[in-house]
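We name chains A, B, ... by the order of the sequence lines, and we start the count at 1 in each one. The structure presented is a predicted model; accordingly, all values stated were derived computationally and were not measured.
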There are 2 protein chains.
Amino acid sequence: MSGDADRHTLHNRVLAVLGPAIVAGEYEPGHVFTLERLEREYGVSRTVVREAVRVLQSMRLVRSRPRTGVQVRPDEEWSVFDPQLIRWRLAGSGRMAQLRSLTELRAAIEPPAAAAAARNAPREWREPLVEVCERMTAAGQEGDQDSFLRLDIEFHRRILRLSGNEMFVGLTGVVAEVLTGRTEYHLMPRPPRAEALRLHAHVAEAIRDGLPDVAQAAMRSIVGEVDEALSEAAEPDR
Amino acid sequence: MSGDADRHTLHNRVLAVLGPAIVAGEYEPGHVFTLERLEREYGVSRTVVREAVRVLQSMRLVRSRPRTGVQVRPDEEWSVFDPQLIRWRLAGSGRMAQLRSLTELRAAIEPPAAAAAARNAPREWREPLVEVCERMTAAGQEGDQDSFLRLDIEFHRRILRLSGNEMFVGLTGVVAEVLTGRTEYHLMPRPPRAEALRLHAHVAEAIRDGLPDVAQAAMRSIVGEVDEALSEAAEPDR
DNA sequence: GTGGCAAGAATAGTGTTACCAATGATGTCC
DNA sequence: GGACATCATTGGTAACACTATTCTTGCCAC
């Protein structure tokens, strides 16, 4: 799914523990590590710790200075769009909060992306989008949840790609994580609501037919509906 | 401006050359470095090269495997929201393309952010927003371009913060870069247009008065206008 | 021969250790 | 209260052992 963050190197294993711990707020902002402490704690060599810290630093989770050590930064300064950081948050206790903020982000991005797709998509990719939508609908009606999720992700991914804006494309991972997360935590109506399926079809057809306003309005209905569903499930985590 | 990426460490200096070079497309996707080659090329030790590569890897610019080397990934796989990557692009030849895609992103995000701010902003921060807007207007009318830019950034930053959504907050850096970039490359009307200033005031007052729809509509006018201005200046780079 | 597979060699990243240099926070002296 | 010594901690170098992955080779079956 993600590329190479999963390679079983030592510094990746250190990262996979240290990163989530910091993200979960187990260390106050301002808390300082020393490399030596981390070396002992994880039983690894200096090089490994340094490389792990370097990555955390590039995510702006920590800063590192001589004589002071490695200091945890306040969360307002983190690179919250970093895919790895998002995954750590979704895996931890902050998952509902993260899911909510990401859903609001989707609600902002996807309607303009759909409009852009209706304007910019190359001819040859318009009809295939409708086909993906149809297969998704079929899977939903048959109750095949795995295929439905896979095709739902594929549908939204294609729209972001067809928008022609690299920043929108860069959010495909986020959308995939949100949809997967909603399914995993049973925040997805089963079977999918008929109205939602129809709205997806409207989006696909409007993009195919080059109707930006229609595509945007239909997409707004989709993500707005999702937003409400999530707000209803709003409760303190756990 | 950014935190600690500017500390004059050796690996940062290597990063500051290698990163922009890759981002500028000086190496085909698939191109492989070896650590040894980089060591010699930059005249630094292995540790330094390894840490620089580790950062590039976390940005998904490269992947690193034994027996193969360090391989440049195709640009669709890059973490395009990484602030450092954005800065590299804005500094290089891709700056107009990057500016356009970021402007479209702003156009998607800021109106919903303004609406959210009108709903969620704490009482005590509403009036100050209007004050910032007034000082910005004054600076604009006096022709004080530096102060105007600074206050314009401050204005948009506050709205994103007041939205209460951490993902929106995470885009403050992007907005700052875009506004600064537009000023530097003289894509900003001077003096600022009176209508634009009035729209900013409408946004601030609508947020103060808790009117999400008004705030959203006014913000949409602001970013829509900007979008047009940028499209007019659309020419192949250089 | 040709295709497929297994064993082994070659090659580059990965991990360890030891040591010295540079930095900047902290306290001290005047 | 400003200049300066101090010292802990990161930053950087070097040399080497380990290990994963790819490529080659050679065998075997068809």
To the side chain of B:S64, which of C:dG15, C:dG13, C:dG24 is closest?
-> C:dG13
Write down the distance between OH (B:Y42) and C1' (D:dG12), rounded to a whole number of angstrom.
-> 18 Å
What does B:R54 touch in the nucleic acid at a heavy-atom separation under 4.0 angstrom: a base, only the sugar-phosphate, or nothing?
-> sugar-phosphate
SB check A:R54 B:E51 (cutoff 4.0 Å) = yes
In short, side-chain hydrogen bond (donor to acceptor under 3.5 Å, both in side chains) pairs touching residues 137-151 of chain B with sequence neighbours left out are B:D144-B:S147, B:Q145-B:R190
Choose from C:dG15, D:dT22, C:dA25 the nucleotide whose nearest atom is closest to any side-chain atom of A:R65.
-> C:dA25
Just by distance, do the side chain of B:R106 and the backbone of B:V223 share a donor-acceptor pair under 3.5 Å?
-> no
Can you check the A:R13 CZ to C:dT14 P distance for me, whole Å?
-> 13 Å
Taking only N and O in the side chain of A:T34, is any of them less than 4.0 Å away from OP1 or OP2 of D:dA8?
-> no
Any N or O donor-acceptor pair linking the side chain of A:R50 to the base of D:dG12 at under 3.5 Å?
-> yes
Whole angstrom value for the distance that separates C1' of C:dT16 from CG of A:L10 = 11 Å
A:R7 side-chain N/O to B:S64 backbone N/O, donor-acceptor pair under 3.5 Å | yes
Taking for each residue the nucleotide of DNA chain D with the nearest heavy atom, is it A:R67 or A:V53 whose nucleotide lies nearer the 5' end?
-> A:R67
Atom-pair distance (CG on B:N12; C1' on D:dG12), nearest Å | 13 Å
Measure from CD on A:E51 to C1' on D:dT10 and round the result to the nearest Å.
-> 15 Å
Tell me whether the OP1 or OP2 atom of C:dT23 has a side-chain N or O from B:R7 closer than 4.0 Å.
-> no
With a non-hydrogen cut-off below 4.0 angstrom, is A:T47 in contact with a base, only sugar-phosphate, or nothing?
-> base
Taking atom P of C:dT23 as reference, at what distance in whole Å does atom CD of A:Q71 sit?
-> 20 Å
note: B:L38, atom CG; C:dG13, atom C1'; distance rounded to Å ~ 12 Å
B:H11 side-chain N/O to D:dG11 phosphate OP1/OP2 under 4.0 Å = no
By nearest-nucleotide position on DNA chain C, the 5'-leaning member of B:V70 and A:R46 is B:V70
Select one nucleotide: of C:dT17, D:dT13, C:dT14, the one nearest the side-chain heavy atoms of B:L35.
-> C:dT14
A:S45 side chain, from C-beta outward: closest of C:dG13, D:dT13, C:dT16 | C:dT16
Do the charged groups of A:R40 and A:E36 touch, with an N to O distance under 4.0 Å?
-> yes
